[in-house]
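Right, one structure below, let's go through it.
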2 protein chains.
Amino acid sequence: MTITQLYYVLAVAEHKNFTLAAEKCFVTQPTLSMQIQKLEDELEVLIFDRSKKPIQLTEIGQKIVSQAKNIVNESDRIKDIVDQQKGFIGGEFKVGIIPTVMPTLLPMFLTNFVNRYPKVNLIIEEHNTEEIIKRLKNGHLDVAIAATPLEEDNLKEIVLYYEPFVAYIPENNRNFDKTEIDINDLDLDSILLLQDGHCFRDGILNLCKNKGNFTDTKFHIESGSFETLIKLADEGLGTTLLPYLHTLDLKEKDKLKLRHFKEPRPAREVSLIFPKSELKSHIIEALRSTIAGVIKGAIAFHNVEIISPLKNKKGVY
Amino acid sequence: MTITQLYYVLAVAEHKNFTLAAEKCFVTQPTLSMQIQKLEDELEVLIFDRSKKPIQLTEIGQKIVSQAKNIVNESDRIKDIVDQQKGFIGGEFKVGIIPTVMPTLLPMFLTNFVNRYPKVNLIIEEHNTEEIIKRLKNGHLDVAIAATPLEEDNLKEIVLYYEPFVAYIPENNRNFDKTEIDINDLDLDSILLLQDGHCFRDGILNLCKNKGNFTDTKFHIESGSFETLIKLADEGLGTTLLPYLHTLDLKEKDKLKLRHFKEPRPAREVSLIFPKSELKSHIIEALRSTIAGVIKGAIAFHNVEIISPLKNKKGVY
DNA sequence: TATTTTTATCGAAAATTTCTATAAAAATGA
DNA sequence: TCATTTTTATAGAAATTTTCGATAAAAATA
């Protein structure tokens, strides 16, 4: 059994087609067919059911593929280990970002980073927090950007910045006339939230719980994007909370509906998260310093007391 | 990079000698030398420092070896997965056993098992509970026999038997004349115990704690074997507790010093422990049924109320 | 310094992987 | 249904890789 054979198996498992898989592996179809046959002979099992179209994995084939992924993954890491030791900043680098951070943060650092580290092949993926944790742990992501603290075993967190929440209050709302707003002013039943799984929502709910005024009311109107929430709020369906960076993109007339919170301001902690093994620590540090550089100009609320929703934790940002 | 090359690296790392490593791999020394050079060329690092005698791993070499172990381990599992699917009972099977179970249980089932499953290459290792958990999780053991419950993530437990504790009371002790003994009769300060790390000791301490009369006294006399404890007890240094199976091997005159407990009897739960992935479930079941068969005759206290020390759990054994 | 032990290098032999060409089988479409 | 297309398997040759035996070079030992 060779690692190459396992690669070939994974390619066929993915594309369900020997010819296509061979192309992706940059070999001819007979080469790939023979190598897979050799492996099947050695293990004395059929990995693929070739009678089905498209080709299917056999029961045992599924288990073999799953283990083959492990092996190929682990063997790819050898290269990473060597790069790490050499301090080489380059190679494939997979970054996971949560949806509520992606559109605002990514454009701020992307160009900067790829110019500074041209040898890094950056792969950005959007996932929710749960998926991000899973992928960091199984090695499908090298690093992630998400709301913290997560306090997950084997994962390390480095805070990038604290992003305050800003209330978006439509004109007909009773709080519209206030210049600054307090958390307790908000009617929790009418806060519009993001759908489950988005950590930003978790953040807000925890915040409310921590303030001791969280009621178990069901929020029937939930959306996956702030754009929708803003429109719903404008329709008079309630208020919503926006992370500060999102408010920068609002239309001028919508910006008039923003109300900052009184101190301690609710904020979310946004961090770099990565496996404790720190396999790509040099690239991670490169990413951290790039983001730190661009964020400094954008979030200028230094030394203001804030309160982080996920941990009711006070800090200075 | 090939799995074979990684095997070769591991062999040299183990034997610190190319010639010897080549022998163990059943290839000639030039073959092994060249393959390792090829890998070093591909990774562009030196794995071994050949200037030192005996040969040493470089810093990066250590990391590569550690990862190579992973990869080789994971690739060996492919064979296990196939065997598992086929229901084949054979191949390498590593069993870990704690020291306080090893000498009594192993002789009872070993011959029986190897006769019944001649294709299994049984490898027995003695480790303490902590080490066993580690090795089950990293794949160095297929199954283990230890005192339970452990309640470890990713490990499954199947109870083999409940083994009562029997008090060993020297003649000069105030409890010697009792025919049956109660847990509360024992003077905790003078119970002789096994040294730390042996789960049997943990078992007794928990038992005492559960009975609510555990004092934080330091036990200055601690030993690694029951034989020593018995001798110490005979010297008048206190009493000790023995697992039932150990009492069967005592000399006749020492058996006179044994006192069984009143119900509910203190007992330890001895279980098979294995990864939830159940890679070798057929062999594990074969082992379980073999042990169950021989233990039935040995521990004949069925339907007697017992109390298990690790969980203050009552059950019938 | 001679001897032994150990590792590296060389060229040939053996084994393997891959390729091209083509056959066989299956799916598609008129 | 039958020709056409698509897909996989097979065969033999070429290329590559792995291994070996012989031996050189280097290091350790006596």
Side-chain angles (χ1 to χ4, degrees), chain A residues 1-58 60-62 64-65 68 71-72 75-76 78-79, chain B residues 1-62 64-65 68 71-72 75 78-79:
Chain A
M1 186 177 81
T2 67
I3 296 173
T4 309
Q5 285 170 345
L6 298 179
Y7 264 113
Y8 293 167
V9 167
L10 292 186
V12 176
E14 186 184 343
H15 299 103
K16 313 282 182 208
N17 177 310
F18 280 67
T19 315
L20 184 55
E23 265 176 51
K24 300 284 177 186
C25 294
F26 303 105
V27 291
T28 58
Q29 167 265 317
T31 297
L32 184 131
S33 287
M34 284 194 81
Q35 284 306 315
I36 286 180
Q37 277 182 47
K38 262 193 63 179
L39 182 59
E40 288 180 326
D41 287 350
E42 183 184 332
L43 299 177
E44 298 178 302
V45 287
L46 282 179
I47 298 172
F48 297 102
D49 180 350
R50 295 156 171 84
S51 69
K52 299 248 177 59
K53 298 286 157 164
I55 283 173
Q56 288 299 303
L57 282 164
T58 60
I60 177 77
Q62 287 174 21
I64 290 173
V65 162
I71 297 169
V72 167
S75 60
D76 284 345
I78 291 261
K79 190 92 188 68
Chain B
M1 186 178 81
T2 68
I3 295 173
T4 310
Q5 286 170 345
L6 297 179
Y7 264 112
Y8 294 166
V9 167
L10 292 185
V12 175
E14 186 182 343
H15 299 102
K16 312 285 182 204
N17 177 310
F18 279 67
T19 315
L20 185 55
E23 264 176 49
K24 300 284 176 186
C25 294
F26 304 104
V27 291
T28 59
Q29 168 266 317
T31 297
L32 185 131
S33 286
M34 287 192 81
Q35 285 305 314
I36 286 181
Q37 278 182 46
K38 262 193 63 179
L39 182 60
E40 288 180 325
D41 287 349
E42 183 183 333
L43 299 178
E44 298 177 301
V45 287
L46 282 179
I47 298 172
F48 298 103
D49 180 350
R50 294 154 170 87
S51 70
K52 299 246 178 61
K53 298 285 156 161
I55 282 173
Q56 287 299 302
L57 282 165
T58 60
E59 195 186 332
I60 177 77
Q62 287 175 20
I64 290 173
V65 163
I71 297 169
V72 167
S75 61
I78 292 262
K79 190 90 188 71

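Since we're looking at a predicted model, the values are computed, not measured.
- Put simply, CE on A:M34 is 16 Å from P on C:dA15, counting in whole angstrom units.
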>> Assess the residue pair A:Y8 and A:L39 against the criterion (side chain to side chain contact (heavy atoms under 4.5 Å, CB included)); give the C-alpha distance rounded to whole Å, side-chain angles, the decisive distance to 0.1 Å, and a yes or no.
In response: CA-CA 10 Å; A:Y8 293 167; A:L39 182 59; over 6 Å; no
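- Here A:T19 does not reach the OP1 or OP2 of D:dT7: none of its side-chain N or O atoms lies under 4.0 Å away.
- Inspection of the A:Q29 and A:S33 side chains reveals an N or O donor paired with an N or O acceptor under 3.5 Å.
- Of the charged side-chain nitrogens involved, at least one lies within less than 4.0 Å of a carboxylate oxygen, so that A:E40 and A:R50 count as a salt-bridged pair.
- Nucleotide D:dC20 holds its P atom 12 Å from the CZ atom of B:F26, rounded to whole Å.
- The phosphate of C:dT17 (OP1 or OP2) has a side-chain N or O of A:Q35 nearer than 4.0 angstrom.
- At D:dC20, none of the side-chain N or O atoms of B:Q29 fall inside 4.0 Å of OP1 or OP2 (strictly under the cut-off).
- Backbone-only contact: A:S33 has heavy atoms under 4.0 Å from sugar-phosphate atoms and none from a base.
- Note on B:T4: every side-chain N or O is 4.0 Å or more away from OP1 and OP2 of D:dT18.
- Residue B:N17 places no side-chain N or O under 4.0 Å from the OP1 or OP2 atom of C:dT5.
- For the pair B:L32 CG and C:dT9 C1', the computed distance is 15 Å after rounding to whole Å.
- As judged by a 4.0 angstrom heavy-atom cut-off over every strand, A:F48 is placed among residues making no nucleic acid contact.
- Phosphate contact (OP1/OP2 of D:dA26, side-chain N/O of B:R50, threshold under 4.0 Å): absent.
- Taking 4.0 angstrom as the limit, B:Q37 places none of its side-chain polar atoms (N or O) nearer than this to OP1 or OP2 of C:dT7.
- Contact between B:V72 and B:L6 at its shortest, heavy atoms only, is CG2-CB, 4.1 Å.
- Residues A:Y8 and A:P30 both approach DNA chain C. Their nearest nucleotides, taken by heavy-atom distance, put A:Y8 toward the 5′ side.
- Considering only side-chain N and O atoms, A:T28 lies under 4.0 angstrom from the phosphate OP1 or OP2 of C:dC19.
- Phosphate contact (OP1/OP2 of C:dT16, side-chain N/O of A:K38, threshold under 4.0 Å): absent.
- Taking every heavy atom of both residues into account, B:G61 and B:T58 meet most closely at N-OG1, 2.9 Å.
- The interatomic distance linking B:I55 (CD1) with D:dA26 (P) rounds to 16 Å, in whole Å.
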